[in-house]
Amino acid sequence: MRKFATAGFAALLALISGAEAFAQGAPRNITVLANYTFHGRHTPFFVALDKGYFTEAGFKADVQPATGSGFVISAIESGKADYGLADASTTVQAIAKGAKVKGFQVYMDISTNGLASLTPLPTPESTLGKTITVSPTDSTRVILPIILKQRGLDPAKVNWVAATPATYFTLLLSGQADIIAATVDGDMPPLMETAAKQNKKVYFSSFGGWGYDVLGFIFIAPAASLDKDPEGAKRFAGAMKKAVEFSMANPEEAVKIMVKHNPTLNYDITLAQWKQSMTAINTAYMKANGYGVATPERVKRTVDLIKDAFHLDLTLKPDDVWLFGAATR
């Protein structure tokens, strides 16, 4: 009788164990938003898919492009996506205005944002009175006013012209726009190649070179989701960390994976883009703190800059905009 009971108990344990293993093995469907149309910067997203890092973390990921940080924040807040990549300053401003999202992992330590033009823009003052073509949800609409206000300049003197990212190059090179929003890692390699074919030279003005020293691109999620499932964010951050580290150690192989998943991309341009992205990731701050980690001091500096630039009369603490501990060394 004892043998029967023992055998029955063992069988029950095996059944329970098997059910738990099945439950743990069932991946969770998630939607992940890039901050823009796919280019070299997003190489690790597809490495995480191809190498199975998302699967190992318990996810079945659907990676989608977007049209700017503002779009990503709205989509995340409305529940249309689970995780997304957005500019840190745009995210902080949105949270200050009531958006229910939070950051949890640094993707790029410094911003690669800036402006492209056919004539040099040596200072922020050079933008005043000129037309700047940019989508309504692009983070440039947040960053440039911050820089101008830091210098005591009036952002209202900038002439914004709305357009879709797909038309930027044509508008600039045809003379219909004085300036376009651009990134050194995403836009400049293909833009310079296109301009050269027309015997034109394109100049890039870095926001970082104009004193914009805050966190670059970060991963965000709905605040309620992070409160409910911080472990999910930690697993996602772990998968992206593996993908970034692989992509930095093996850029050529990583970009081949990127192009395999996105065959319309040009390999050489995509590789040039990713190598530029790597410089914004592999900073002294990252080496000191670990990939993906944001310290309370760094988040506070970003928050304080946004508050001062937009004269926000509120108390916003680092914990209000960041889930600390999701990204680990």
Side-chain angles (χ1 to χ4, degrees), residues 29-55 59-76 80-87 90 105-108 111-114 116 134-135 137-140 163-170 180-194 216-220 236 239-248 250-281:
N29 292 318
I30 60 170
T31 298
V32 183
L33 290 180
N35 64 307
Y36 203 59
T37 53
F38 294 144
H39 58 74
R41 177 190 303 154
H42 308 116
T43 294
F45 288 61
F46 292 91
V47 168
L49 283 174
D50 199 84
K51 293 290 184 182
Y53 299 148
F54 283 141
T55 303
F59 300 120
K60 182 179 180 181
D62 178 23
V63 180
Q64 296 288 334
T67 58
S69 296
F71 176 92
V72 174
I73 293 166
S74 296
I76 292 291
K80 295 178 180 177
D82 300 279
Y83 303 109
L85 187 65
D87 172 74
T90 306
Q105 182 182 30
V106 179
Y107 185 64
M108 301 180 76
S111 175
T112 62
N113 285 323
V134 61
S135 76
T137 58
D138 195 289
S139 58
T140 297
T164 60
T167 65
Y168 287 1
F169 291 7
T170 300
I180 62 170
T183 57
V184 71
D185 59 336
D187 300 308
M188 288 307 293
L191 177 55
M192 291 172 68
E193 181 179 88
T194 303
F217 291 108
I218 61 174
F219 278 111
I220 64 172
F236 178 88
M240 285 307 305
K241 180 181 179 182
K242 286 182 182 179
V244 169
E245 290 176 344
F246 176 90
S247 300
M248 292 180 67
N250 309 278
E252 290 81 8
E253 182 180 349
V255 170
K256 286 179 181 177
I257 291 172
M258 179 68 177
V259 173
K260 180 181 73 173
H261 286 271
N262 301 276
T264 60
L265 296 179
N266 175 278
Y267 172 81
D268 292 328
I269 289 177
T270 305
L271 180 59
Q273 291 171 327
W274 172 238
K275 286 184 176 180
Q276 287 284 0
S277 298
M278 287 169 56
T279 65
I281 293 173

Query raised in the report: So, for Ala181 and Thr140, which heavy atoms are closest and what is the spacing to 0.1 Å?
Result: CB-OG1, 3.4 Å
Query raised in the report: Are the side chain of Asn262 and the backbone N or O of Thr264 linked by a donor-acceptor pair below 3.5 Å?
Result: no
Report summary line: side chain to side chain contact (heavy atoms under 4.5 Å, CB included) test vs Met258 passes for just one of Tyr267, Trp274, Phe38, Phe45, namely Phe38
Query raised in the report: Can you tell me how far the CG atom of Asp185 sits from the OG1 atom of Thr112, to the nearest 0.5 Å?
Result: 3.5 Å
Report summary line: Between Ile281 and Met248 the two heavy atoms that sit nearest each other are CG2-SD, 3.7 Å
Query raised in the report: Of the non-hydrogen atoms in Asn113 and Thr183, which two are nearest, and what is the gap between them?
Result: OD1-CG2, 3.2 Å
Query raised in the report: Taking Thr137 for the side chain and Thr67 for the main chain, is one N or O donor matched with an acceptor at less than 3.5 Å?
Result: yes
Requested in this report: I would like to know whether Tyr36 and Asp187 meet side chain to side chain contact (heavy atoms under 4.5 Å, CB included); could you show each step before the answer?
Outcome: CA-CA 11 Å; Tyr36 203 59; Asp187 300 308; 3.7 Å; yes
Query raised in the report: Between Ser74 (side chain) and Phe71 (backbone), is there a donor-acceptor pair under 3.5 Å?
Result: no
Requested in this report: Assess whether side chain to side chain contact (heavy atoms under 4.5 Å, CB included) is satisfied between Asn35 and Tyr107, documenting all intermediate values.
Outcome: CA-CA 11 Å; Asn35 64 307; Tyr107 185 64; over 6 Å; no
Requested in this report: Answer whether the closest heavy-atom distance between the side chains of Phe236 and Val32 falls below 4.5 Å.
Outcome: yes
Query raised in the report: Where do Ala61 and Leu49 come nearest, in terms of heavy atoms and distance?
Result: O-CD2, 3.5 Å
Query raised in the report: Can you name the closest pair of heavy atoms from Val72 and Ala86 and give their distance?
Result: CG1-CB, 4.4 Å
Query raised in the report: How many angstroms lie between atom CD1 of Ile257 and atom CZ of Phe46, to the nearest 0.5 angstrom?
Result: 11.5 Å
**Report entry** Point-to-point distance, once rounded to the nearest 0.5 Å, from OG1 of Thr43 to NZ of Lys256
**Finding:** 13.5 Å
Query raised in the report: Would you say the side-chain atoms of Asp62 pair up with the backbone N or O of Thr31, donor to acceptor, closer than 3.5 Å?
Result: no
Query raised in the report: What distance separates Lys51 NZ from Ser247 OG, expressed to the nearest 0.5 Å?
Result: 9.5 Å
Requested in this report: Given side chain to side chain contact (heavy atoms under 4.5 Å, CB included), test Ile180 with Phe169 step by step and report yes or no.
Outcome: CA-CA 8 Å; Ile180 62 170; Phe169 291 7; 4.1 Å; yes
Query raised in the report: Given Val63 and His42, is the side chain to side chain contact (heavy atoms under 4.5 Å, CB included) satisfied, shown in steps?
Result: CA-CA 10 Å; Val63 180; His42 308 116; over 6 Å; no
Query raised in the report: Which pair of non-hydrogen atoms, one from Pro65 and one from Leu33, has the smallest distance, and what is that distance?
Result: O-CD2, 4.0 Å
Report task. Kindly say whether Ser135 contributes a backbone atom to a donor-acceptor pair with the side chain of Tyr168 at under 3.5 angstrom? Result -> yes
Query raised in the report: Is the count of non-hydrogen atoms from other residues, nucleotides or ligands lying under 6.0 Å from Met278 atom CE greater than 12?
Result: yes
Report task. Report the residues that fulfil salt bridge (Lys or Arg N to Asp or Glu O under 4.0 Å) with Asp87, sequence neighbours left out, ordered by chain and then residue number. Result -> none
Query - Approximate separation, where rounding is to 0.5 Å, of Gln105 CD and Met240 CE - result: 6.5 Å
Query raised in the report: Within the distance-only criterion (no hydrogens, no angle test), does the side chain of Gln273 pair as donor or acceptor with the backbone N or O of Gly186 below 3.5 angstrom?
Result: yes
Report task. Find the distance between CD1 (Ile30) and CZ (Phe54) and round it off to the nearest 0.5 Å. Result -> 6.0 Å
Query raised in the report: Asn266 side chain to Ile269 main-chain N or O, any donor-acceptor pair under 3.5 Å?
Result: yes
